[in-house]
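Working notes, beginning with the structure itself.
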Amino acid sequence: MSDATLSPAILRRMRRLSLRQLIYFVELQHHGSFSRAAVALAISQPTLSQQIAQLEETLGVALLQRGTKLLRLSDDGELFLIRCRRILGMLGDAMEMLDGERRTKTLRLGIPSYLSYSSVTELLRQFRQRQPAVIPYLAEMPAEEMSQFLNEGELDAGFLTLPTPARLMEDMRSQTIWEAPYRVCLSRQHRLASKKILRAEDLAELDFVLVPRDYHRTHYDYQLNALRGLGIEPRIIDTDVSTTQSQMALAAAGLGACLISPGTAAIPDDLVLKETEAAIGTHALALFWPPASNNPLLKFFCDCARSFAAQAKQ
């Protein structure tokens with residue numbers, strides 16, 4: 001029935017209805033009592049009773065059978081419940097359709113907050129060359145938060161270092177786009193800066209600055225265990241610096257060393273990167289996205305990521 005077929009009297013009554021009242025009525029029937037429905041709706045029981053009474057007054061019928069211990073719908077209530085569910089279902093479908101349309105016209109990407117990667121910049125540049133009309137929405141955040149956003153569908157894709165946070169859902173698709181070995185970053189004034197290669201006994205003398213564990217627990221543990229794998233118990237400085245730039249600033253001040261991979265950040269003149277006799281480990285960055293996404297822009301972006309990764313290996 002279109003708006004043109006509704007009588008003026010029905011339209012006036014419909015204006016007195018609210019969507020909230022329809023939701024309340026459906027929830028009331030679902031939970032079987034005013035008290036349980038009020039708790040589920042996070043409203044008071046008197047408020048729920050008042051809204052149902054107003055709905056009945058507007059409709060001009062009794063939706064509930066009064067005088068019974070158990071909540072029962074009247075015949076009119078049963079008929080109206082069917083229509084309410086249909087109305088709410090159609091509205092929900094429309095909202096999902098509009099939300100889907102919005103999401104397929106945008107590309108929401110998560111990028112690490114603790115380090116800027118030139119590979120991400122280059123991948124975005126190549127994507128924009130192929131899709132000049134699309135400007136991705138970029139959200140900078142810690143890895144733990146990004147994993148949760150990916151799980152909940154708030155991001156179409158995100159760049160995470162490996163290994164990923166434990167909370168990231170296991171069925172996420174991924175494409176590694178960059179990797180490089182770790183190096184020890186030291187002040188140029190440090191006495192070990194003159195050595196060509198650092199041995200395990202050299203590393204045992206250093207204080208290390210790592211990104212706080214809360215920012216990326218598994219990656220913090222990965223770096224810590226990589227140092228321990230050299231046969232030392234690393235001395236970790238207790239700090240709350242959240243970026244690689246801050247880590248390097250502390251190293252430049254002579255307050256410790258940090259782990260940096262070539263190509264991740266510009267190294268200031270007062271710092272040096274030193275190789276180690278035994279490899280510390282590999283720093284890798286990958287793009288992650290949920291398998292059920294139907295966003296065509298995401299598919300195109302993932303194709304760009306695969307091509308970018310293949311070019312990097314050549």
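The analysis underlying the following values was restricted to heavy atoms, covering all of them including side chains, and did not include hydrogens, waters or symmetry mates. Count residues from 1 along the sequence.
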Quiz item: Cluster question for you: counting only ILVMFWY and a side-chain heavy-atom cut-off of under 4.5 Å, with indirect links fine, are Leu48 and Val39 together?
Solution: no
Quiz prompt | Value rounded to 0.5 Å, distance of CG in Leu109 from CG in Leu155 | solution = 8.0 Å
Quiz item: Are the side chain of Gln189 and the backbone of Gly254 linked by a donor-acceptor contact shorter than 3.5 Å?
Solution: no
Quiz item: Which heavy atom of Pro262 sits nearest a heavy atom of Ala180, and at what distance?
Solution: O-CB, 4.0 Å
Exercise. Give a yes or no answer on whether the side chain of Gln247 reaches the backbone of Val209 with a donor-acceptor pair at less than 3.5 Å.
Key: yes
Quiz prompt | Spatial distance of atom CG (Leu59) from atom CZ (Phe80) [nearest 0.5 Å] | solution = 4.5 Å
Quiz item: If we only count heavy atoms from C-beta on, is the Arg20 to Ile23 side-chain gap below 4.5 Å?
Solution: no
Quiz prompt | Pair Gln50-Tyr24, side-chain contact (heavy atoms from CB on, under 4.5 Å): steps then yes or no | solution = CA-CA 11 Å; Gln50 182 184 43; Tyr24 287 177; over 6 Å; no
Quiz item: For Gln129, does the CD atom have more than 12 heavy-atom neighbours from other residues, nucleotides or ligands under 6.0 Å away?
Solution: yes
Quiz item: Between Met248 and Cys185, is any pair of side-chain heavy atoms under 4.5 Å apart?
Solution: yes
Quiz item: Taking NZ, NE, NH1 and NH2 as the nitrogens, is one of them in Asp202 or Arg199 under 4.0 Å from a carboxylate oxygen of the other?
Solution: no
Quiz item: Is the number of heavy atoms from other residues, nucleotides or ligands under 6.0 Å of Asp75 CG greater than 12?
Solution: no
Practice problem: Hey, could you give me the SG/CD distance between Cys84 and Glu27, rounded to the nearest 0.5 Å? | Solution: 11.5 Å
Exercise. Carefully, step by step, assess Leu150 and Trp289 under the rule side-chain contact (heavy atoms from CB on, under 4.5 Å).
Key: CA-CA 7 Å; Leu150 285 169; Trp289 66 93; 5.8 Å; no
Quiz item: Within a reach of under 6.0 Å around CZ of Arg72, are more than 12 heavy atoms found that belong to other residues, nucleotides or ligands?
Solution: no
Quiz item: Do the side chain of Thr58 and the main chain of Arg13 share a donor and acceptor less than 3.5 angstrom apart?
Solution: no
Exercise. Consider only side-chain heavy atoms of I, L, V, M, F, W and Y, link residues closer than 4.5 Å, and tell whether Leu203 and Ile260 are in one cluster.
Key: no
Exercise. Check Ala252 against Ser187 and note the closest heavy-atom contact, atom names and distance.
Key: O-OG, 3.8 Å
Quiz prompt | Minimum-distance pair of heavy atoms, taken over all atoms of Glu179 and Thr282 | solution = OE1-CG2, 3.7 Å
Self-check item: Connected via hydrophobic side-chain network under 4.5 Å: Leu71 and Leu81
Solution: yes
Exercise. Report yes if some heavy atom in the side chain of Glu78 is under 4.5 Å from a heavy atom in the side chain of Ile82; otherwise report no.
Key: no
Quiz item: Does CD1 belonging to Ile267 count more than 12 external heavy atoms closer than 6.0 Å?
Solution: yes
Quiz item: Can any side-chain N or O of Asn295 pair as donor or acceptor with the backbone N or O of Leu107 at less than 3.5 Å?
Solution: no
Quiz item: CG of Leu297 to SG of Cys304: how many Å apart, nearest 0.5 Å?
Solution: 10.5 Å
Quiz item: Taking all atoms of both residues into account, what is the closest heavy-atom pair of Phe308 and Ser119, and its distance?
Solution: CZ-O, 3.6 Å
Quiz prompt | Within 6.0 angstrom of Lys195 NZ, more than 12 heavy atoms from elsewhere | solution = yes
Exercise. Please work out whether the ring planes of Phe301 and Phe159 are parallel, tilted or perpendicular, with thresholds of 30° and 60°.
Key: perpendicular
Quiz item: Taking a hydrophobic cluster as the set of Ile, Leu, Val, Met, Phe, Trp and Tyr residues connected by side-chain heavy atoms closer than 4.5 Å, whether directly or through intermediates, do Ile135 and Leu123 fall within one such cluster?
Solution: no
Quiz prompt | Nearest-0.5 Å distance that lies between atom CG in Leu88 and atom CZ in Arg83 | solution = 13.5 Å
Exercise. Answer with yes or no whether the side chains of Gln126 and Glu122 bring together a donor and an acceptor at under 3.5 Å.
Key: yes
Exercise. Please report the shortest heavy-atom distance between Ser293 and Leu298, naming the atom on each side.
Key: OG-CD2, 3.3 Å
Quiz item: Got a donor-acceptor contact below 3.5 angstrom from the Gln65 side chain to the Leu73 backbone?
Solution: yes
Practice problem: Please answer whether the main-chain N or O of Leu162 pairs with a side-chain N or O of His219 as donor and acceptor at a distance below 3.5 Å. | Solution: yes
Quiz item: Side chain of Ser147, backbone of Arg167: donor and acceptor closer than 3.5 Å?
Solution: no
Quiz item: Has the side chain of Asp76 got a donor or acceptor atom that lies under 3.5 Å from a matching backbone atom of Ala62?
Solution: no
Quiz item: Looking at CG of Leu168 and OG1 of Thr218, how far apart are the two atoms once the value is rounded to the nearest 0.5 Å?
Solution: 9.0 Å
Practice problem: Verify side-chain contact (heavy atoms from CB on, under 4.5 Å) between His190 and Lys274, making sure each step is shown before the conclusion. | Solution: CA-CA 12 Å; His190 196 283; Lys274 308 303 296 183; over 6 Å; no
Quiz prompt | Hphob cluster co-occupancy, Ile197 + Leu230, side-chain heavy atoms under 4.5 angstrom | solution = no
Exercise. Determine which pairs satisfy side chain to side chain donor-acceptor pair (under 3.5 Å) with at least one residue from residues 221-239, sequence neighbours left out, and list them in order.
Key: Tyr182-Gln223, Asp207-Arg235, Arg213-Asp221, Arg228-Glu233
Quiz item: So with a 6.0 Å cut-off around CD of Glu205, is the heavy-atom count from everything else above 12?
Solution: yes
Quiz item: Glu201 and Glu277: side-chain contact (heavy atoms from CB on, under 4.5 Å), yes or no, with the steps?
Solution: CA-CA 10 Å; Glu201 53 267 30; Glu277 186 177 45; 5.7 Å; no
Self-check item: Side chain proximity check, Leu28 to Leu64, heavy atoms < 4.5 angstrom
Solution: yes
Exercise. Compare every heavy atom of Arg128 with every heavy atom of Pro136, then report the nearest pair and how far apart it is.
Key: CD-CD, 4.0 Å
Exercise. Applying side-chain contact (heavy atoms from CB on, under 4.5 Å) between Val184 and each of Leu227, Leu206, Leu273, report the one that passes.
Key: Leu206
Quiz item: Got a sec: does the CG of Asp171 have more than 12 other heavy atoms crowding it under 6.0 Å?
Solution: yes
Quiz item: Are the charged groups of Asp156 and Arg108 less than 4.0 angstrom apart, N to O?
Solution: yes
Exercise. With the side chain counted from C-beta on, respond yes when Phe34 and Ile52 share a heavy-atom pair under 4.5 Å apart, and no when they do not.
Key: yes
